Amino acid sequence: MKSHENIEAERFLNNPELVFHYTKKETAIEHILENSTLRFGGFRSTNDPQDYRRRLSEIRGVMPLGGDSQHTIEKKNIERLSQTINYKLERAGFLSFCKHHQTQNQIKLGCTKPRMWSQYGESHKGICLAIDKTILTEKLREFSASDFQLFHGDIEYLDQNGAVASSNLLEAVTSKDIYESNFKYDQRILEPDLTPLINEYFEVDSQRLLFTKDQDYVDEHEYRIVIISTGDYTTGEGQLIDISEALKAVVLGEQFPTVYRTTIAKQCQNLSIPCYQLEWFNGVYFHKKVMF
C-alpha cells in the first residue's frame, strides 16, 4: 500500500499542465538547476531520421510558362525557397517533454516510464524535470516575439514510410499546371524577398512538418516546443530559456547515486521546489520526498 507521502507526491505531479524532461544528472546539476535555464537542442543531433534528415527534399510541379526572364526568376527563387526552408529547419531549436497518458486502469505519470528512464534518463541514474507547459510557453512568447516563430503541441504518431515531402502551400506557391493542380499560382514567388512566403509555410504546415513521428515512438507521448528563426542568421539550437517560474519539481531516477542527493536537494530548496526520489517495489514506482 502506498504511503500518505507517496499519495501526496503523485497528486502533486498528476497535474495536466505538467510535462516532463528527462536528462543526465551532470547536465541538470551543472547547468539546468544551477542557472535555471533549459537549452534548446537541434534536430540534427537526434536519433530519429524524420528529425535529422531533411524534411523538404524538393519542390515539384512547376511548369515553365511565361517569358524566359520570368521563368529564370521563378526557377532561382523556387530553389532558394527550398534551400532556405531546409536551412531554417536544420538550425531550428526544439525541446521535448513526456506527457501523462491514460492507461486502461489509471493515469500514468510522465515521470514514471521505465523506457524513458532507460533511454533519456541515464539508465535510471538521471533526473526528470517537471515543467508547467503553460508558464513555459508564455515565457517563450516573450522570448521569441521578435526573432523566432514559436510552435508547440503534441506529437502525432503516424504509420508511415519516410518523411513527409512538400506541403500544399508550396504546391500552391509554385504550381502552374492547371490540369494536375487544384492550387492557384502565387505571384509572390517572383518577389526578391521570400521571407513572407517562408514564414507562412511554417505557420500553415507546422503540424505535419514539426509534430509527426513514426508510430514506433508512440509510447514516448511527446510534447514538443520548436523555435524557428525569422531572420537569416539566428539559430534556435543552443538558445537558453529561463525556466525558474515553470520548473515545479525534480524527480530522481530509481538508481540515482546517493552521493549527489544532497547537492540536488539543496538546489531544489534554493529554487523552492520539491525533489522526489523514485523507488521500485513489486513492479510499481513509489515517490519518496528528498529532504536537504
Side-chain angles (χ1 to χ4, degrees), residues 2-39 95-102 106-140 152 154 220-225 240-281 284-292:
K2 293 187 176 182
S3 67
H4 175 73
E5 178 186 50
N6 186 79
I7 292 171
E8 286 299 310
E10 291 188 357
R11 184 177 292 125
F12 177 81
L13 293 169
N14 188 15
N15 179 340
E17 291 299 312
L18 292 183
V19 289
F20 298 85
H21 181 77
Y22 291 80
T23 188
K24 296 178 180 179
K25 57 183 176 294
E26 288 84 1
T27 303
I29 293 171
E30 297 174 14
H31 302 287
I32 300 174
L33 298 178
E34 181 68 22
N35 304 312
S36 296
T37 57
L38 203 54
R39 180 183 181 276
L95 297 170
S96 289
F97 304 90
C98 188
K99 304 179 300 176
H100 306 314
H101 76 279
Q102 181 70 53
Q106 62 181 348
I107 293 177
K108 189 165 187 177
L109 299 181
C111 58
T112 57
K113 299 186 177 183
R115 194 193 66 77
M116 296 295 290
W117 279 107
S118 297
Q119 185 170 350
Y120 302 107
E122 203 176 356
S123 299
H124 306 269
K125 298 180 180 70
I127 287 173
C128 186
L129 309 170
I131 303 281
D132 187 308
K133 63 181 180 182
T134 299
I135 294 176
L136 183 61
T137 51
E138 285 302 318
K139 186 74 176 179
L140 280 165
H152 58 93
D154 299 338
E220 292 185 353
H221 302 97
E222 182 181 347
Y223 175 82
R224 178 180 288 184
I225 297 174
L240 296 172
I241 182 65
D242 179 9
I243 60 168
S244 56
E245 296 178 18
L247 182 61
K248 297 303 179 183
V250 167
V251 181
L252 310 181
E254 193 264 337
Q255 295 191 54
F256 187 83
T258 305
V259 67
Y260 294 108
R261 222 179 265 167
T262 301
T263 301
I264 286 286
K266 184 176 181 181
Q267 286 181 315
C268 289
Q269 184 183 58
N270 291 339
L271 293 168
S272 301
I273 58 172
C275 179
Y276 302 103
Q277 168 82 60
L278 283 182
E279 295 182 350
W280 182 266
F281 183 72
V284 178
Y285 273 126
F286 290 82
H287 297 79
K288 183 177 181 180
K289 197 163 188 177
V290 179
M291 307 300 292
F292 173 62

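Quantities reported herein were computed from a predicted structural model and do not represent experimental measurements.
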Q: Is E122 paired with K125 through a side-chain N to carboxylate O contact shorter than 4.0 Å?
A: no
Q: Where the side chain of Q267 meets the backbone of I29, is there a donor-acceptor pair that is under 3.5 Å apart?
A: yes
Q: Tell me, please, which residues at least two apart from H31 pass ring pair (Phe, Tyr, Trp, His ring centres under 6.0 Å).
A: none
Q: Do the side chain of N35 and the main chain of T37 share a donor and acceptor less than 3.5 angstrom apart?
A: no
Q: Show the nearest heavy-atom pair for residues S118 and H124, with the distance to one decimal.
A: OG-NE2, 3.1 Å
Q: In this structure, are over 12 heavy atoms from other groups packed under 6.0 Å from E245 atom CD?
A: no
Q: Report the C-alpha distance between Y22 and Q119 in whole Å, list the side-chain angles of each, state the deciding distance to 0.1 Å, and finish with yes or no for side-chain hydrogen bond (donor to acceptor under 3.5 Å, both in side chains).
A: CA-CA 9 Å; Y22 291 80; Q119 185 170 350; over 6 Å; no
Q: Indicate yes or no for a side-chain donor-acceptor contact from W117 to the backbone of E254 under 3.5 Å, with no hydrogens or angles considered.
A: no
Q: Taking only residues two or more places apart in sequence, or in another chain, which ones meet E34 in a salt bridge (charged side-chain N to carboxylate O under 4.0 Å, His left out)?
A: none
Q: One pair to check against side-chain hydrogen bond (donor to acceptor under 3.5 Å, both in side chains): H221 and K113. What are the steps and the verdict?
A: CA-CA 10 Å; H221 302 97; K113 299 186 177 183; 2.9 Å; yes
Q: Quick one: which residue pairs count as a ring pair (Phe, Tyr, Trp, His ring centres under 6.0 Å) with a foot in residues 240-280, not counting sequence neighbours?
A: W280-Y285
Q: Between T137 (side chain) and K133 (backbone), is there a donor-acceptor pair under 3.5 Å?
A: yes
Q: Decide, yes or no, whether a salt bridge links K24 with E26 under the criterion of side-chain N to carboxylate O below 4.0 Å.
A: no
Q: Output all residues satisfying side-chain hydrogen bond (donor to acceptor under 3.5 Å, both in side chains) with K248, sequence neighbours left out; order by chain, then residue number.
A: none
Q: Can you list the residues that meet the side-chain hydrogen bond (donor to acceptor under 3.5 Å, both in side chains) rule with H100, with sequence neighbours excluded?
A: none
Q: Would you please name every residue forming a ring pair (Phe, Tyr, Trp, His ring centres under 6.0 Å) with H287, sequence neighbours left out?
A: none
Q: Please find the pair of heavy atoms, one from T134 and one from D132, that lie closest to each other, and give the distance.
A: N-OD1, 3.0 Å
Q: Is there a donor-acceptor pair closer than 3.5 Å between any side-chain N or O of Q102 and the backbone N or O of Q106?
A: yes
Q: What verdict does the salt bridge (charged side-chain N to carboxylate O under 4.0 Å, His left out) test give for K289 and E8, after you've listed the backbone C-alpha separation in whole Å, the side-chain angles of each residue and the deciding distance to 0.1 Å?
A: CA-CA 10 Å; K289 197 163 188 177; E8 286 299 310; over 6 Å; no
